[in-house]
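Taking it in order: structure first as structure tokens, then the write-up.
In what follows, chains are A, B, ... by sequence order, proteins preceding strands, each numbered from 1.
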Amino acid sequence: MQTGTTTAPATAPGPSAARRRGPAAAVLIAEARLFLREPGSLFWVFAFPSVLLVILGFVPAFKEAQDDLGGRRVIDLYVPISILLAMITAGVQAMPPVLTAYRERGILRRMSATPVRPSALLAAQILLHGAACLGSALLVTVVGRTAYGVPLPGQPAGYLLALLLSAAAALCLGATICALSRTAKAATAVGSVAYLVMMFTAGVWLPVQAMPDILRRVVEITPFGAASQALEQAASGSWPGWIHLGVLALWTAVTGVAASRMFRWQ
Amino acid sequence: MAIIEVDAVRKTYAGRPVVDGVSFSVDEGEIFGILGPNGAGKTTTVECVEGLRIPDAGTVKVAGLDPVADHDRVTQLLGAQLQESELQAKLTVREALELYSAFYPAPADWRPLAARLGLEEKLTTRFAKLSGGQKQRLFIALALIGDPKVVVLDELTTGLDPRARRDTWKLIEEIRDGGVTVLLVTHFMEEAQRLCDRIAVIDRGKVVALDTPAGLIRRATGSTVISFVPSRALTGPDLTRLTALPGVASVTPPDSEGTLTLHGTDDSVTPFVALLAELGVTARRLRITGTSLDEAFLDLTEQDA
Ligand SMILES: Nc1ncnc2c1ncn2[C@@H]1O[C@H](COP(=O)(O)OP(=O)(O)OP(=O)(O)O)[C@@H](O)[C@H]1O
Ligand SMILES: [Mg+2]
């Protein structure tokens, strides 16, 4: 009967041994384990943005200072862009199918029949994807610094603020996609379209700072256009524009409220 | 004392009443069964007891508490096995048991429970890799893991092999002997007959019968079946007299082997024997059998089905 339990005392493991941690912590630990069992998500969120940065660094022209970028190099711009890519992937691509599947398969429902609210499961998932974003951001920063000598952000506090707001916006957008999608399949489809749009606005194909004026004005209204501008400003040493931070905060608030209002538990 | 009280519960989906004024109460320490055809409203009813669905009208009380308003307290004393649910695909059996243990203030030890349900060799297997019956056993374990006072089991043994089914019945009896109240939805008459103290038969959202298993059988029309091969062909008047015997509900004409079947009651047997003697007919291959709960169930629910 005690097979496989190495540490439990053979006499009486008892209920207290089975209950070492609180419910919320237990959910978080279990979900963290599950998160680590998804190599696909881990690669695209955690490794791919850094890989992209390294590949872009192979283009010699990207490592030359450019006058129309205020003397900065293209590779410098791609550090915040890669970080945004990680956030968009985590929030919009990776998280929605997981949450919709939890609802679709009755996992949330089964949990509703216990003393723990199924919202604990959602909170754990949001927290884990948020942590993955920030971990990936750190990795991109370190890779940029060591491989291509990209300077660390000149305005670290403003940079961190913009970073946290961007992550929150990505996760709230992802949560809204879950709330609106009936099935995991639909969530994946909607997420893929949103993913492409957001990659464009974040400047993955063409940095926002290099976009023509009119296009840039439009893109700045979107969460990741604003995020891109805010991060770039903080990276080059000034406090990010309040207008950009405001746009980000507004998107976060609106999608956050929408998601929590519209989310169906079953 | 009643620990579950369901009073005039109604639930409507898209204008169609699915549960239509269901009332019953379950006493502490009782095993109470719910039988009924597919779509009768059994799952809807028990999920109102679990607080997972909100009745449109009527009241439900579990240990005096409202399963919706007092959801937190009700879930601490009620363990549920749902007819349809899953766990995270990559969660192992052991992790699931540990996780759900952490949800309850005073959980049962999951190790003996897993052993009892034959899961100890599967502890490191992920949920998605379990067979249907193994998933079912895991859900039974999860229903019991909080050391509940009431367990609600919706199609407990569906998907279990005959041995696992019998083992599970024993487990349920042991749990009841420990003072736990069991509310059981089932399609297996043998299960209902063996386990249940009382049974409610639900058909089209209404309770059509509520009795002990023996009571239900007795109540069914044609609960005694007499079949025989008459030594000579019976004439029309003979058949009329057979049909007129006390308690006889129907007489089925001879089949290809000449077997005649009477559906009657216990009271039909003696007059039947007397009538045969009077007619000078001997009954070959005579069989007198009581109906099973199966037939009682069909009888109670078949009207205009
Ligand atoms: N959420 C829902 N929305 C709409 N209709 C529903 C819903 N849940 C159940 N129904 C309908 O209510 C009826 C009763 O369903 P229920 O699941 O309670 O039946 P059941 O007695 O448990 O049947 P079974 O033996 O097949 O499990 C069915 O006709 C079903 O289609
Ligand atoms: Mg059902």
Side-chain angles (χ1 to χ4, degrees), chain A residues 1-41 97-99 101-121 124-125 184 265-266, chain B residues 47 49-53 67 71-116 120-124 126-128 139 142-143 145-148 152 154:
Chain A
M1 222 157 50
Q2 296 285 331
T3 46
T5 61
T6 45
T7 49
T11 44
S16 58
R19 191 173 181 266
R20 269 176 240 107
R21 37 179 114 101
V27 172
L28 186 63
I29 290 167
E31 290 302 307
R33 283 197 185 127
L34 294 173
F35 190 77
L36 294 175
R37 285 174 200 163
E38 294 299 337
S41 293
V98 178
L99 294 189
Y102 279 8
R103 174 179 58 209
E104 205 178 356
R105 302 203 167 149
I107 295 167
L108 297 180
R109 201 148 194 280
R110 180 59 190 86
M111 216 162 143
S112 306
T114 74
V116 179
R117 301 284 60 78
S119 53
L121 215 50
Q125 280 290 329
W265 293 98
Q266 35 183 290
Chain B
E47 290 194 349
V49 173
E50 290 156 351
L52 295 178
R53 302 194 200 199
H71 196 65
D72 285 354
R73 286 165 72 195
V74 168
T75 48
Q76 286 184 16
L77 50 89
L78 184 148
Q81 173 247 317
L82 310 184
Q83 183 176 1
E84 264 175 26
S85 63
E86 281 186 50
L87 294 175
Q88 294 91 320
K90 294 187 177 177
L91 197 67
T92 67
V93 170
R94 186 208 192 90
E95 287 163 353
L97 292 164
E98 283 177 343
L99 178 63
Y100 275 69
S101 295
F103 291 175
Y104 295 91
D109 186 358
W110 60 262
R111 277 166 264 260
L113 197 56
R116 190 72 175 75
E120 75 269 69
E121 268 146 44
K122 290 283 155 194
L123 289 178
T124 55
R126 293 175 179 188
F127 179 78
F139 280 119
L142 295 184
I145 210 160
D147 198 12
V152 181
D154 196 347

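Scanning both residues, A:Ser112 and B:His71, for their nearest heavy atoms gives O-NE2, 2.6 Å. A:Pro23 approaches B:Ala102 most closely through the heavy-atom pair CG-O, 3.6 Å.
A salt bridge does not link A:Arg109 with B:Glu84: none of the charged nitrogens is closer than 4.0 Å to a carboxylate oxygen.
Neither the backbone nor the side chain of B:Glu50 comes within less than 4.5 Å of any heavy atom of chain A. When heavy atoms are compared at a cutoff of 4.5 Å, B:Thr92 approaches chain A by way of both its backbone and its side chain. Heavy atoms closer than 4.5 Å to chain A are found in the side chain of B:Leu82, but not in its backbone. Residue A:Leu108 does not touch chain B at all, counting heavy-atom pairs closer than 4.5 Å. For chain A, no part of B:Gln81 is nearby; none of its heavy atoms comes within less than 4.5 Å. Contacts between B:Leu142 and chain A at a heavy-atom distance below 4.5 Å involve backbone atoms as well as side-chain atoms. Neither the backbone nor the side chain of B:Arg73 has a heavy atom closer than 4.5 Å to any heavy atom of chain A. Contact annotation for A:Val27: both backbone and side-chain heavy atoms come within less than 4.5 Å of a heavy atom of chain B.
One distance of note links OG1 of B:Thr75 with CZ of A:Arg117; it measures 5.5 Å at 0.5 Å rounding. Note that CZ of B:Phe139 is 7.0 Å distant from CZ of A:Arg110, once rounded to the nearest 0.5 Å. Rounding to the nearest 0.5 angstrom, the gap separating the CG atom in A:Leu34 from the CG atom in B:Leu87 is 10.5 Å.
Residue with the most contacts toward chain A among B:Arg116, B:Glu47, B:Gln88: B:Gln88 (heavy-atom pairs, distance under 4.5 Å).
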Step by step, work out the side chain to side chain contact (heavy atoms under 4.5 Å, CB included) result for A:Val116 and B:Tyr100. CA-CA 9 Å; A:Val116 179; B:Tyr100 275 69; over 6 Å; no
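With hydrogens and angles disregarded, a donor-acceptor distance shorter than 3.5 Å links the side chain of A:Arg37 to the backbone of B:Lys90.
Contact check for B:Asp72 versus A:Pro115: no side-chain heavy atoms found under the 4.5 Å cut-off.
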